Amino acid sequence: MLELDANPSAPADLIKDGTDASFAADVIEASQSVPVIVDFWAQWCGPCKTLGPAIEAAVTNAKGRVKLVKIDVDANQAYAGQLQVQSIPTVYAFYQGRPVDGFQGALPPSEINAFVEKVAALAGEPEEDGLSAAIEAAEQMLEEGAAADAAETFAAILQEEPNNAAAYAGLVRSYIALGDLDQAEAVLNGAPAEISTDPLLEAVHAQITLAKEAANAGPVADLQAAVDAAPDDHQARFDLATALHGNGDVESAVNELLELFRRDREWNDGAAKAQLFTIFDASDAKDPIVLNGRRKLSSMIFA
């Protein structure tokens, strides 16, 4: 199993209580490489008690891309005076030794998250961490047919980061590749609510649906023969498309469904169009087969 690296930035390194004496090191010097947010607050300040936990949570979620220094203005007045802090809470963001952004007063969590993300982005895109490398390795295993090893690695990643949508989707796809659709569905149903609507999970949901249908579709050769003998046998063509997709021939499956739609777009309550959208949802949106299929379907719909 691939060993995962721990997050190199522990919470203690990301969030600290600062003073006038430590300001130069904690803020000016530290911000040369990583943006630093400074929260000026006081014990008696009511809005500070709301802002403080929210900004700490946002900085923690940024995973090392930004740091937070909290300064009690009652005990440390020098830099608060230099920065003309006239009311609290006041928040400043520093990058490369200079103040670059800020705000006064308590903000709703969504605006705090947006502010922290904007500040974190000043240093550019985050470097690939251990979990990203592990996901890439697991994807490679899955691509090479080592689905069991991929499942083990994706599961290990989820132990480190339970809300990682890419790892959840990868674990589901691993079980699909192993032919264990019940376990794939169980894993998907167990995904945390916070990521349940992530496009990656919606895609694997579509893949499970298609895999279940393919298991009951019948042999491709028999279905192809049925369609050749009776081109207007819409059910046979639909089943052929399902079986083709189950065998990995996505392009032929899309072509058969497009032909079915051309022959009778209303058949079985528009089943051909619905199945096409399911295939599109289950595939990479930039896949040439998907792009071409969508274009052809649109031209038929609006013809």
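This chain uses plain numbering: 1 for the first residue, then up along the sequence. Keep in mind that what you see is a predicted model, and the values were worked out from it rather than measured.
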Test of understanding: clusters of I, L, V, M, F, W, Y form through side-chain heavy atoms closer than 4.5 Å, transitively. Do [X] and [Y] belong to the same one?
X    : Y    : result
I289 : F280 : yes
I301 : L291 : no
I55  : Y95  : yes
L122 : L14  : yes
V27  : V100 : no

[X] side, atom [atom1]; [Y] side, atom [atom2] - distance, nearest 0.5 Å:
X    : Y    : atom1 : atom2 : answer
E251 : H245 : CD    : NE2   : 12.5 Å
N268 : Q235 : CG    : CD    : 6.5 Å
N255 : L260 : CG    : CG    : 12.5 Å
L210 : I279 : CG    : CD1   : 5.5 Å
F103 : L107 : CZ    : CG    : 4.5 Å

* Verify ring-ring contact (aromatic ring centres under 6.0 Å, His included) between F238 and F261, making sure each step is shown before the conclusion. => CA-CA 10 Å; F238 185 90; F261 184 81; over 10 Å; no
Report all side-chain donor-acceptor pairs from residues 80-92 shorter than 3.5 Å, counting only partners two or more places apart or in another chain.
from : atom 1 : to  : atom 2 : distance (Å)
T90  : OG1    : S87 : O      : 2.4
Y92  : OH     : L83 : O      : 2.8

* To do: Go through the side-chain N and O atoms of S22 and D26 and say whether any donor and acceptor fall under 3.5 Å apart.
  =>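 A pair is found: one side chain offers a donor N or O, the other an acceptor, under 3.5 Å apart.
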* Please check if any side-chain donor atom of Q140 sits under 3.5 Å from a side-chain acceptor atom of E144, or the reverse. => yes
* Asked: For E213, does the CD atom sit with more than 12 other heavy atoms under 6.0 Å from it, leaving out its own atoms?
  ->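 Result for CD/E213: enclosed.
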Using every non-hydrogen atom in the two residues, find where [X] and [Y] come nearest and quote the distance to one decimal.
X    : Y    : result
N163 : P192 : OD1-CG, 3.2 Å
A167 : I157 : CB-CG2, 3.7 Å
G293 : V254 : CA-CG1, 4.1 Å
L188 : V172 : N-CG2, 3.9 Å
P53  : K49  : CD-O, 3.1 Å
A243 : L223 : CB-CD1, 3.8 Å

* To do: Start with the C-alpha gap between Y168 and L158, add the side-chain angles, then the distance that decides, and say whether side-chain contact (heavy atoms from CB on, under 4.5 Å) holds.
  => CA-CA 7 Å; Y168 249 104; L158 290 172; 3.4 Å; yes
Using a 3.5 Å distance criterion without hydrogens, assess whether the side chain of [X] forms a donor-acceptor pair with backbone atoms of [Y].
X    : Y    : value
N292 : P288 : no
R237 : P231 : yes
D20  : Q77  : yes

Would you say [X] and [Y] make side-chain contact, with heavy atoms under 4.5 Å?
X    : Y    : answer
V204 : Q207 : yes
L297 : L258 : yes
I195 : L201 : yes
Q43  : D74  : no
K273 : L257 : no
V73  : W41  : no
V59  : K67  : no
E117 : R65  : yes

Quiz: residues 173-182 side-chain donor-acceptor pairs under 3.5 angstrom, not counting sequence neighbours:
from : atom 1 : to   : atom 2 : distance (Å)
R173 : NH1    : E139 : OE1    : 3.3
R173 : NH2    : E139 : OE1    : 3.1
R173 : NH2    : E139 : OE2    : 2.5
S174 : OG     : G170 : O      : 2.8
D180 : OD1    : Q183 : N      : 3.1

* Test side-chain contact (heavy atoms from CB on, under 4.5 Å) applied to I37 and V116, step by step -> CA-CA 8 Å; I37 294 173; V116 171; 3.9 Å; yes
* To do: In plain terms, say whether K63 and E161 are close enough for a salt bridge, that is, a side-chain N and a carboxylate O under 4.0 Å apart.
  => yes
* Charged N-O contact under 4.0 Å between K70 and D39 ->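 Looking at K70 and D39, the cut-off is met.
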* Candidates D249, L244, T242, D239 - the one meeting side-chain contact (heavy atoms from CB on, under 4.5 Å) with E256 ->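 Single pass found, and it is L244.
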* Please say which of N113, V119, I112 ends up in a side-chain contact (heavy atoms from CB on, under 4.5 Å) with F115. =>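 Result for side-chain contact (heavy atoms from CB on, under 4.5 Å) with F115: V119.
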* How would you list all residue pairs meeting side chain to side chain donor-acceptor pair (under 3.5 Å) that involve residues 221-232, not counting sequence neighbours? -> Q224-D228, D232-R263
* Criterion side-chain contact (heavy atoms from CB on, under 4.5 Å) on Y79 and I71, from CA distance to verdict -> CA-CA 9 Å; Y79 280 96; I71 296 182; 5.5 Å; no
* Test salt bridge (charged side-chain N to carboxylate O under 4.0 Å, His left out) applied to K212 - qualifying residues, sequence neighbours left out -> E185
* **Sequence-distant partners of D72, salt bridge (charged side-chain N to carboxylate O under 4.0 Å, His left out), two or more places apart** => none
* Asked: What pairs of residues pass the disulfide (SG to SG under 2.5 Å) test when at least one of them lies in residues 39-91, not counting sequence neighbours?
  ->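 Qualifying pairs, neighbours excluded: C45-C48.
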* Asked: Are E29 and F23 close enough, and set up right, to give a side-chain contact (heavy atoms from CB on, under 4.5 Å), and what steps lead you there?
  -> CA-CA 9 Å; E29 294 178 14; F23 194 94; over 6 Å; no
* Under 30°, 30 to 60°, or over 60°: which ring-plane class applies to W267 and H234, parallel, tilted or perpendicular? ->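 The arrangement is perpendicular - the two ring planes meet at more than 60°.
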